Structures are given as structure tokens and as C-alpha cells.
Amino acid sequence: MASPERFSAAELTRFASALLQKAGLEAPKADSVAATLVDGDLLGHDTHGLALLAPYVKELEKGAMAKSGQPEVLSERAAALAWDGRRLPGPWLVHQGIDALIPKARDYGSASLTIHHSHHIACLAAYLLRATQEGFMMILASSDPAVQSVAPFGGTRAVFTPNPIAAGIPTSGTPFLIDISASVTTNGMSNRLHKAGRQFEEEWLIDGHGNPSRDPAVLAEDPPGTILPLGGLSAGHKGFGLAVLIEALTGGLSGFGRADPPAGWGATVFMSLYDPSAFGGQDAFLRQMDFVAESCRSNPPRPGVEQVRMPGDRGMQRRARQLQEGVALHPTIAPMLRDAAGPYGLAFPAALA
């Protein structure tokens with residue numbers, strides 16, 4: 001198999017911002033969205049990086065993503081905020097949220113924000129480095145009340161989205177970057193495999209009658225199948241519980257969720273920053289996390305495993321390599337972006353030699 005084409009991260013970011021601006025998005029917002037999508041690919045989350053750029057452009061073109069404006073502050077206390085995102089770009093809203101929470105978390109030790117009516121927020125891991133580089137621990141969760149693709153454990157009718165949750169945890173070295181979902185796989189990966197005529201290696205779905213399946217095509221059948229909760233057929237009660245928790249953090253605390261009429265593809269978001277110096281102390285926090293990291297990385301690996309990795313180790317290694325050698329895009333992404341850019345007269349960046 002031929003090696004994938006590689007592209008300059010800086011050129012991809014400039015291209016993505018230019019395309020978003022051609023579609024009408026304000027320049028600062030376009031810059032924020034573009035950088036976030038490229039960060040997703042740099043970290044290896046290639047279903048939630050530039051794979052989303054063409055769909056975002058379509059949302060701008062049809063007016064489903066707001067092109068300008070600010071979020072509406074619905075509630076604000078010393079360490080708590082609630083925003084109506086007014087269908088503004090999700091990546092820009094999350095970065096604005098981090099900006100708003102940093103001074104509050106410095107003053108009060110922790111601070112939280114909910115956002116409803118945000119547009120889609122892309123790769124959750126892409127935001128975590130901003131927090132850890134400032135010394136904060138960050139929790140970020142998201143749901144989409146307009147979409148249902150995951151059934152509750154034991155059920156056959158979808159109620160939830162995959163409901164991702166992420167955590168950035170600072171250490172003395174490489175931070176822990178946790179980015180998981182309450183389902184065993186994602187809508188993005190299911191769609192990619194379905195378009196390619198491929199199946200999952202394991203039974204990660206059920207059809208509309210509750211029969212286990214590896215085929216993502218069951219999601220489009222009548223009655224539709226669903227993605228299984230994290231833990232699958234045997235331990236999916238754990239993913240189900242996590243999904244309910246994320247619904248409470250996002251839809252519950254924001255006051256807008258699945259009980260309301262759907263408002264289109266988007267996100268309801270929960271985020272918190274924690275300053276370790278306000279609790280047991282920054283040095284003590286790092287000592288504990290460094291011990292955990294060393295205990296895991298030095299753990300005797302089982303057969304077939306070279307070394308135990310901490311969450312985020314591989315992503316950070318991939319990020320450093322791709323910043324130096326170029327971003328290896330999934331083969332489906334560059335053709336899709338060339339098609340999206342054509343009507344605007346934009347040229348997609350050339351591959352690196």
C-alpha cells in the first residue's frame with residue numbers, strides 16, 4: 001500500500017480558514033475553526049479533523065451555522081456560566097469558553113460553563129492542550145440533542161449520540177489527554193466504513209431487532225439499527241451510565257436537550273477548568289500524576305504489546321511527527337476538500353515532496 005500523501009499543517013490551516021471565510025464566516029472565527037480541525041488531524045482523530053471542513057462549509061452555505069455574532073450570556077455567577085451559542089461555530093465557542101473560564105478558575109479554583117445551541121465542536125482532544133499548558137485540569141463533554149444513534153443498554157431504539165467526554169490532565173512531562181465516548185464507536189467512523197463498503201471487526205452495533213452486527217449499514221435500515229454503548233453486549237451498562245451522566249452535564253445543566261424540539265446538527269456542551277493549586281497544591285498534583293504515569297508506562301506489557309502508553313502519548317507523538325513531516329490525511333479527505341473549494345476558486349495545498 002502506498003504511503004499517504006502529507007501536507008504542511010500551516011498550509012492546511014491557511015486553506016481551511018480561507019475556505020470558511022469564502023463561505024461567509026468571519027475571519028477570527030474561521031481561524032479558530034481551521035486551527036482546531038487541523039489539530040484534530042495532528043493528534044490522529046481523522047474522523048473529527050479536516051473531514052468535517054466540507055460539512056461545515058455546507059452548513060454555512062445553507063445558514064445552519066451562524067457566520068457572525070457573539071454567544072448570549074444566559075446566567076453568570078462567580079464560577080459558573082451558561083451561554084446560548086446561537087448556532088455559532090462550535091470550535092470558536094469552546095475556545096471563547098476557555099478564555100472566559102481561565103480567570104474564574106484562577107480566582108475560585110474551578111469554573112464551569114455550559115453552552116446550548118452550539119454548532120458541532122469537532123475533536124474534543126484538540127482543546128485540552130490549551131488547558132494543560134496553563135496548568136489546569138480540564139473536563140469537556142458534548143451531546144447532540146438533534147441526533148440519536150445509540151440505544152440504552154438492553155434497548156433497540158436510539159436515544160443518545162455517542163456522547164464524547166474528554167479530560168486534559170497536566171503532568172511534569174506529556175499531559176494525559178483522554179478523549180473517549182459513551183458508545184463503543186462513533187457516527188463518523190460508522191459513516192466512513194459504510195461509504196467504503198466495509199464492516200467493523202467486532203459486533204459493535206445491533207440491527208433494529210436487537211441482533212448483533214458488524215455492518216454499519218444497519219444504521220440506515222428500517223427499523224434503524226444502533227451503535228452499542230461502551231462495553232458492548234456484555235458490559236454496555238457502563239457506557240449507558242456514562243451516557244446518562246453526560247446528558248446531565250450537557251442537556252441537564254444547560255437547560256436544553258433531548259426534551260426540546262431538535263435545532264439541527266450541533267452540540268450541547270459542558271466544560272470545567274480546575275486549578276490544582278486551589279486544592280492539594282500544584283506540586284502535589286504533579287507528583288501524584290507523575291507517579292501514575294511511571295507506574296503505567298513501566299508496567300510489564302502483555303504479549304503483543306510493546307509498551308503501555310498513557311492516554312495522549314501516541315497522539316502527542318503523532319502531533320510532533322506530523323508538524324515536522326507533514327499531516328498524513330485520510331485518503332477520502334483531500335478529494336472532498338478539493339471539491340468543496342472548487343466553486344470558490346481556491347486551490348487545495350500541494351502535497352509535500
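Just so it is clear, the structure is predicted and the values come from calculations on it, not from any experiment.
- Closest approach of Leu249 and Thr114 over heavy atoms only: O-CG2, 4.0 Å.
- With contacts defined as side-chain heavy-atom distances shorter than 4.5 Å, the pair Asp179/Cys123 qualifies.
- Side-chain contact between Ile227 and Leu205 is present, with at least one heavy-atom pair separated by less than 4.5 Å.
- Every residue two or more places apart in sequence or in another chain was checked for a side chain to side chain donor-acceptor pair (under 3.5 Å) with Thr185, and none qualifies.
- Considering only residues two or more places apart in sequence or on other chains, Phe270 meets the ring-ring contact (aromatic ring centres under 6.0 Å, His included) condition with none of them.
- In this structure, Phe136 has no ring-ring contact (aromatic ring centres under 6.0 Å, His included) partners at least two apart in sequence or on a different chain.
- The ring pair (Phe, Tyr, Trp, His ring centres under 6.0 Å) analysis of residues 168-207, with sequence neighbours excluded, yields the pairs Phe200-Trp204.
- Scanning all heavy atoms of the two residues, the minimum distance from Ala122 to Leu37 falls at CB-CD2, 3.8 Å.
- Residues passing the side chain to side chain donor-acceptor pair (under 3.5 Å) test with Ser183, sequence neighbours excluded: Ser181.
- Panel note: side chain Lys104, backbone Ser112; no donor-acceptor pair is recorded below 3.5 Å.
- Scanning all heavy atoms of the two residues, the minimum distance from Ile246 to Ser142 falls at CG2-O, 3.8 Å.
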Quiz item: Between Trp83 and Val269, is a side-chain contact (heavy atoms from CB on, under 4.5 Å) present by the stated rule, with each step listed?
Solution: CA-CA 10 Å; Trp83 288 353; Val269 182; over 6 Å; no
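- Atom OH of Tyr108 is surrounded by 12 or fewer heavy atoms from other residues, nucleotides or ligands within 6.0 Å.
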Quiz item: Could you walk me through whether His119 and Tyr56 pass the side-chain hydrogen bond (donor to acceptor under 3.5 Å, both in side chains) check?
Solution: CA-CA 9 Å; His119 207 282; Tyr56 281 7; 5.5 Å; no
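- Using a distance-only test at 3.5 Å, with no hydrogens or angles considered, no donor-acceptor pair links the side chain of Asn211 to the main chain of Asp207.
- Evaluation of the side chain to side chain donor-acceptor pair (under 3.5 Å) test over residues 124-134, restricted to residues two or more places apart or in two chains, returns His95-Arg130, Asp99-Arg130, Arg106-Glu134.
- The shortest side-chain heavy-atom distance between Met289 and Pro170 does not fall under the 4.5 Å cut-off.
- With respect to Phe15, the ring-ring contact (aromatic ring centres under 6.0 Å, His included) criterion is satisfied by exactly one of Phe348, Tyr344, Phe7: Phe348.
- When side chains are defined from C-beta on, Trp92 counts as touching Gln96, because their heavy atoms get closer than 4.5 Å.
- For Phe285, there are no ring-ring contact (aromatic ring centres under 6.0 Å, His included) partners, not counting sequence neighbours.
- In this structure, Leu60 and Ala66 approach most closely via the heavy-atom pair CD2-O, 4.2 Å.
- Under 4.0 Å is where a charged nitrogen must lie from a carboxylate oxygen, and between Arg14 and Glu11 at least one such pair does.
- Other residues, nucleotides and ligands contribute at most 12 non-hydrogen atoms within 6.0 Å of the NZ atom of Lys22.
- Side-chain atoms of Asp290 come within 3.5 Å of backbone N or O of Ser172 as a donor-acceptor pair.
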Quiz: residues 152-168 side-chain donor-acceptor pairs under 3.5 angstrom, not counting sequence neighbours:
{"from": "Thr161", "atom 1": "OG1", "to": "Asp144", "atom 2": "N", "distance (Å)": "3.2"}
{"from": "Thr161", "atom 1": "OG1", "to": "Asn163", "atom 2": "OD1", "distance (Å)": "2.6"}
{"from": "Thr161", "atom 1": "OG1", "to": "Arg258", "atom 2": "NH2", "distance (Å)": "2.8"}
{"from": "Asn163", "atom 1": "ND2", "to": "Ala243", "atom 2": "O", "distance (Å)": "3.3"}
{"from": "Asn163", "atom 1": "ND2", "to": "Glu247", "atom 2": "OE2", "distance (Å)": "3.0"}

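- In terms of modelled atom types and a separation under 3.5 Å, the side chain of Ser143 and the main chain of Pro145 share no donor-acceptor contact.
- Applying the ring pair (Phe, Tyr, Trp, His ring centres under 6.0 Å) test to every pair with at least one member in residues 303-329, sequence neighbours left out, gives no pairs at all.
- By the side-chain contact (heavy atoms from CB on, under 4.5 Å) test, Asp31 is found to be paired with Ser17, Gln21, residues two or more places apart in sequence or in another chain being considered.
- Inter-residue side-chain proximity for Pro301 and Glu306 is flagged as unmet; no heavy-atom pair is nearer than 4.5 Å.
- By the side chain to side chain donor-acceptor pair (under 3.5 Å) test, Arg214 is found to be paired with Gln199, residues two or more places apart in sequence or in another chain being considered.
- The two residues Arg87 and Ser118 come nearest to each other via the heavy atoms NH1-O, 3.9 Å.
- Within the structure, the side chain to side chain donor-acceptor pair (under 3.5 Å) test picks out the following pairs touching residues 308-328 (sequence neighbours left out): Arg297-Asp313.
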Exercise. Show your reasoning for whether side-chain hydrogen bond (donor to acceptor under 3.5 Å, both in side chains) applies to Ser277 and Asp275.
Key: CA-CA 5 Å; Ser277 67; Asp275 184 353; 2.8 Å; yes
Practice problem: Could you give me the CA-CA distance, side-chain angles and deciding distance for His117 and Glu72, then say whether side-chain contact (heavy atoms from CB on, under 4.5 Å) is met? | Solution: CA-CA 10 Å; His117 290 120; Glu72 178 186 355; over 6 Å; no
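- Using a 4.5 Å heavy-atom threshold, the side chains of Ile206 and Val218 count as separate.
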